[in-house]
Number of protein chains: 2
Amino acid sequence: MSGTHIGVPSVLAHELPRPVPLDELAHCPVGDVFRRLGDRWSLLLLSLLGTRPHRYNELHRSVEGISQRMLTRTLRSLENDGLVRRQVYPTVPPSVEYSLTPLGGTLLEPLSALADWAVLHAGEMDAARAQHTD
Amino acid sequence: MSGTHIGVPSVLAHELPRPVPLDELAHCPVGDVFRRLGDRWSLLLLSLLGTRPHRYNELHRSVEGISQRMLTRTLRSLENDGLVRRQVYPTVPPSVEYSLTPLGGTLLEPLSALADWAVLHAGEMDAARAQHTD
DNA sequence: CGGAATCCAATGTGATACTG
DNA sequence: CAGTATCACATTGGATTCCG
């Protein structure tokens, strides 16, 4: 399997040992994954599920702003991608628990890094936006 | 400034020293930032710009799939958020260079982590999706 | 070259109502 | 409780045209 895409991690490292053909970044898995995760809710839902399993309505309340439709759709999509597990407990009334799969768990670390960045730099983004009269 | 939001980084760390009110994750800056970056192109464009500055048509070719409209809109949005700088060189024909601002540069590390994850685990996602007849 | 403007189609998103 | 169904609206994407 010679490289049809960038071969190894740290493709975006600041100091690259050698110039990697990054123009192909959009063609390699990175583009795919970013496109799947690049919607309004996926990142947030994954983060939430990363803290602990959640039930459906619990997510619905926590995310706030998401519609039932998009909550269901996004969860199904993430489930489809093997990142989220949907566990149905046949109680009455029914209870459904969503949690990260092992694969989803591995995504939690990079996601945490992004969340940490958000906490640290959200203010600067707000300030920048204020300047642009947004 | 007592915590109106989660106070410190690593909010999503697997082993939390104490139970943080993560239900408020959607209300804290994380939700905002994830929402801004959570679109089809922002993550990819930032990653691309993280490798080196790019010109407009260069981005248009590299991202492949993006329309002029969305490329311009997304770049403006990122510029507005203080993540991307637009530098016009009054040559003839005109040349415009997009690059990361210092703030945008700080985002590059978490973004790299995500890109690395993508390279490592894209195959597993594909496999999962295949099982679900997607 | 680097856009902006316009039109149009496709998809995303949300509110509401309804169901097992 | 955990969704589905339906409709209405917003956003996105593509293609084309035009401009400095």
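Remember, predicted model here, so these are calculated numbers, not experimental data. Here is the naming used below: chain letters follow the sequence lines, and residue numbers restart at 1 for every chain.
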Query - Side-chain N or O of B/Arg86 closer than 4.0 Å to phosphate OP1/OP2 of C/dG2 - result: no
Query raised in the report: Step by step, would you call A/Ser99 with A/Val84 a side chain to side chain contact (heavy atoms under 4.5 Å, CB included)?
Result: CA-CA 6 Å; A/Ser99 56; A/Val84 163; over 6 Å; no
Requested in this report: Would you kindly give the OH-to-P distance between A/Tyr56 and D/dG3, to the nearest whole Å?
Outcome: 6 Å
Query raised in the report: When you measure from the side chain of A/Thr101 to the backbone N and O of A/Arg85, does any donor-acceptor pair fall under 3.5 Å?
Result: no
Requested in this report: Establish whether B/Tyr89 and B/Leu100 are linked, either directly or via other cluster members, by ILVMFWY side-chain heavy-atom contacts under 4.5 Å.
Outcome: no
Query raised in the report: Would A/Leu59 and A/Leu49 count as a side chain to side chain contact (heavy atoms under 4.5 Å, CB included) if you check the C-alpha gap in whole Å, the side-chain angles of each, and the deciding distance to 0.1 Å?
Result: CA-CA 9 Å; A/Leu59 286 171; A/Leu49 293 179; 3.9 Å; yes
Report summary line: Result for side-chain hydrogen bond (donor to acceptor under 3.5 Å, both in side chains) between B/Tyr98 and one of B/Glu79, B/Arg55, B/His54, B/Arg86 points to B/Arg86
Report summary line: To the nearest angstrom, the CG-P distance between A/Leu59 and D/dG3 comes to 10 Å
Report task. Please tell me if the side chains of B/Ile66 and B/Leu44 come closer than 4.5 Å, counting only heavy atoms from C-beta onward. Result -> no
Report summary line: Between CZ of B/Arg35 and C1' of D/dT11 the distance, given in whole Å, is 12 Å
Report task. Send over the distance from B/Leu75 CG to C/dG3 P, rounded to a whole Å. Result -> 8 Å
Query raised in the report: Closer than 4.0 Å, any side-chain N/O of B/Trp41 to the OP1 or OP2 of D/dG13?
Result: yes
Query raised in the report: In whole angstroms, how far is the P atom of D/dG13 from the CD1 atom of B/Ile66?
Result: 7 Å
Query raised in the report: Taking DNA chain D as the partner, which of residues 89-99 of chain A come within under 4.0 angstrom of it by heavy atom?
Result: A/Pro93, A/Pro94, A/Ser95, A/Val96, A/Tyr98
Requested in this report: Would you mind checking if B/Arg129 and B/Asp126 are paired as a salt bridge, meaning a charged N to carboxylate O distance below 4.0 Å?
Outcome: yes
Query - Matching residue for B/Leu46 among B/Leu108, B/Thr74, B/Leu111 - test: side chain to side chain contact (heavy atoms under 4.5 Å, CB included) - result: B/Leu111
Query raised in the report: Taking CZ from B/Arg36 and P from D/dT11, how many angstroms apart are they, rounded to a whole number?
Result: 14 Å
Report task. Ignoring backbone atoms, establish whether B/Arg40 has a side-chain N or O less than 4.0 Å from OP1 or OP2 of D/dG13. Result -> yes
Requested in this report: Show the numbers, then the answer: is there a side chain to side chain contact (heavy atoms under 4.5 Å, CB included) between B/Phe34 and A/Leu114?
Outcome: CA-CA 9 Å; B/Phe34 277 15; A/Leu114 207 57; 3.9 Å; yes
Query raised in the report: Judged by modelled atom types alone, do B/Asp39 and B/Ser42 share a side-chain donor-acceptor pair under 3.5 Å?
Result: yes
Query raised in the report: Once you build an axis from the first five pairs and another from the last five of the helix from C/dC1-D/dG20 to C/dG20-D/dC1, how far apart in angle are they, to 10 degrees?
Result: 50°
Query raised in the report: Under 3.5 Å, is there a donor-acceptor pair between the A/Thr72 and A/Tyr56 side chains?
Result: yes
Query raised in the report: Separation of B/Arg76 atom CZ from D/dT12 atom P, in whole Å?
Result: 16 Å
Query raised in the report: Heavy atom of residues 67-74 of chain A under 4.0 Å from DNA chain C: which residues?
Result: A/Ser67, A/Gln68, A/Arg69, A/Met70, A/Arg73
Query raised in the report: Can you list the steps and then say if B/Leu103 with B/Asp81 is a side chain to side chain contact (heavy atoms under 4.5 Å, CB included)?
Result: CA-CA 9 Å; B/Leu103 179 58; B/Asp81 287 342; over 6 Å; no
Report summary line: From CG of A/Leu45 across to C1' of C/dT13 the rounded distance in Å is 14 Å
Requested in this report: Check whether any side-chain nitrogen or oxygen of B/Arg55 sits under 4.0 Å from OP1 or OP2 of C/dG2, and answer yes or no.
Outcome: yes
